[in-house]
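Have a look at the structure below, then the notes.
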Amino acid sequence: MTPREVAALLAYIVRLDPRLSLDDQAAAAERLAQWGDLLSDVPAQAHGWDAARVARDYIARNPYRIQPSDVSRPWHAHKADALRRHVGTFEPTAHPHLDPDDVKGYRLALAAERHAVAIGQQAPTTHRAITAGPAAAEVERRLAELGTYMPRTVAQALADYRPRRAQREELATAGAPDPLDVPCPHEHCRAAKGEPCRNRHRVPRSTAHPSRREAATTRHNVQETAA
């Protein structure tokens with residue numbers, strides 16, 4: 001808090017608890033300096049935080065005179081909780097100026113986000129936030145089409161034994177085009193939707209034909225534009 005913000009907080013506190021009123025100007029100035037020093041790293045307001053509200057709640061619930069630590073302790077607890085809930089997952093859409101291959105820029109952006117959360121300038125990015133909204137709904141729709149009939153933890157444990165299914169689930173989760181979402185247009189394949197591509201000897205291929213991947217990308221882009 002700035003000295004002005006501390007002075008405003010003290011004025012509010014004195015209004016709620018007149019016992020803290022000081023007639024002596026020197027004593028009032030000394031108290032202002034003390035509170036200013038002890039609350040220098042505590043914001044007046046931040047995401048989910050309001051120092052005045054914390055002071056009011058303390059005065060409403062305690063018969064003892066409020067001290068600077070009665071404001072700073074809750075702030076540091078709030079800060080620790082915000083950092084604990086912040087998953088630190090990098091969201092590229094929040095940094096459109098960054099080159100995907102700029103590792104240094106990526107790390108600096110992550111550090112800046114964490115610092116912003118720590119000082120209350122930015123709300124923590126939680127799992128709930130990341131797994132909510134239209135994008136998450138589209139992921140769930142695609143996974144449902146694949147037939148999610150077991151817990152994700154079990155599916156992950158079985159990924160090595162069902163690589164094609166695991167790859168499709170990974171593409172769905174990432175919001176990337178899935179070649180098996182469209183029939184294969186390759187003249188020697190013509191695999192149906194959901195079926196793997198096959199070579200000339202009708203043996204399943206480990207990857208889809210390029211023309212099928214292109215068709216899937218086109219379909220995916222059309223759906224993205226329509227959304």
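Scope of the values below: all heavy atoms of this structure, side chains included, with no hydrogens, waters or symmetry mates.
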Within 6.0 Å of NE2 in His115, more than 12 heavy atoms from elsewhere: no
Residues which pass side chain to side chain contact (heavy atoms under 4.5 Å, CB included) with Arg198, listed by chain and number, not counting sequence neighbours: Arg202, Pro204
Counterpart residues, side chain to side chain contact (heavy atoms under 4.5 Å, CB included), relative to Leu83 (two or more places apart): Lys79, Arg114, Val117, Ala118
Could you pull out every donor-acceptor pair under 3.5 Å between side chains of residues 25-41 and any protein atom, sequence neighbours left out?
{"unit_1": "Arg31", "atom_1": "NH1", "unit_2": "Leu20", "atom_2": "O", "d": "2.6"}
{"unit_1": "Arg31", "atom_1": "NH2", "unit_2": "Leu20", "atom_2": "O", "d": "3.1"}
{"unit_1": "Ser40", "atom_1": "OG", "unit_2": "Asp37", "atom_2": "O", "d": "3.1"}

Contacts of type salt bridge (charged side-chain N to carboxylate O under 4.0 Å, His left out), residue Arg53, not counting sequence neighbours: none
Same apolar cluster (I L V M F W Y, side chains within < 4.5 Å links), Ile119/Leu108: no
Sequence-distant partners of Pro3, side chain to side chain contact (heavy atoms under 4.5 Å, CB included), two or more places apart: none
For Arg19, side-chain hydrogen bond (donor to acceptor under 3.5 Å, both in side chains) partners two or more places apart: Asp17
Donor-acceptor contact present, side-chain Glu5 to main-chain Thr2, <3.5 Å: yes
Residues in side-chain hydrogen bond (donor to acceptor under 3.5 Å, both in side chains) contact with Asp81, at least two apart in sequence or another chain: Arg84, Arg85
With sequence neighbours excluded, residues passing side chain to side chain contact (heavy atoms under 4.5 Å, CB included) with His186: Cys184, His188, Cys189, His209, Ser211
Candidate pair Trp75 and Val54, rule side chain to side chain contact (heavy atoms under 4.5 Å, CB included), full reasoning: CA-CA 9 Å; Trp75 160 249; Val54 171; over 6 Å; no
pair Leu171-Pro179: side-chain heavy atoms closer than 4.5 Å: yes
Any pair counted as salt bridge (Lys or Arg N to Asp or Glu O under 4.0 Å), so long as it reaches residues 59-74, sequence neighbours left out: Asp70-Arg73
Same cluster (ILVMFWY, side-chain, under 4.5 Å), Tyr12 and Val14: yes
Shared hydrophobic cluster, Leu180 / Val182 (ILVMFWY, side-chain heavy atoms < 4.5 Å): no
Salt bridge (Lys or Arg N to Asp or Glu O under 4.0 Å) partners of residues 207-218, not counting sequence neighbours, each pair once: none
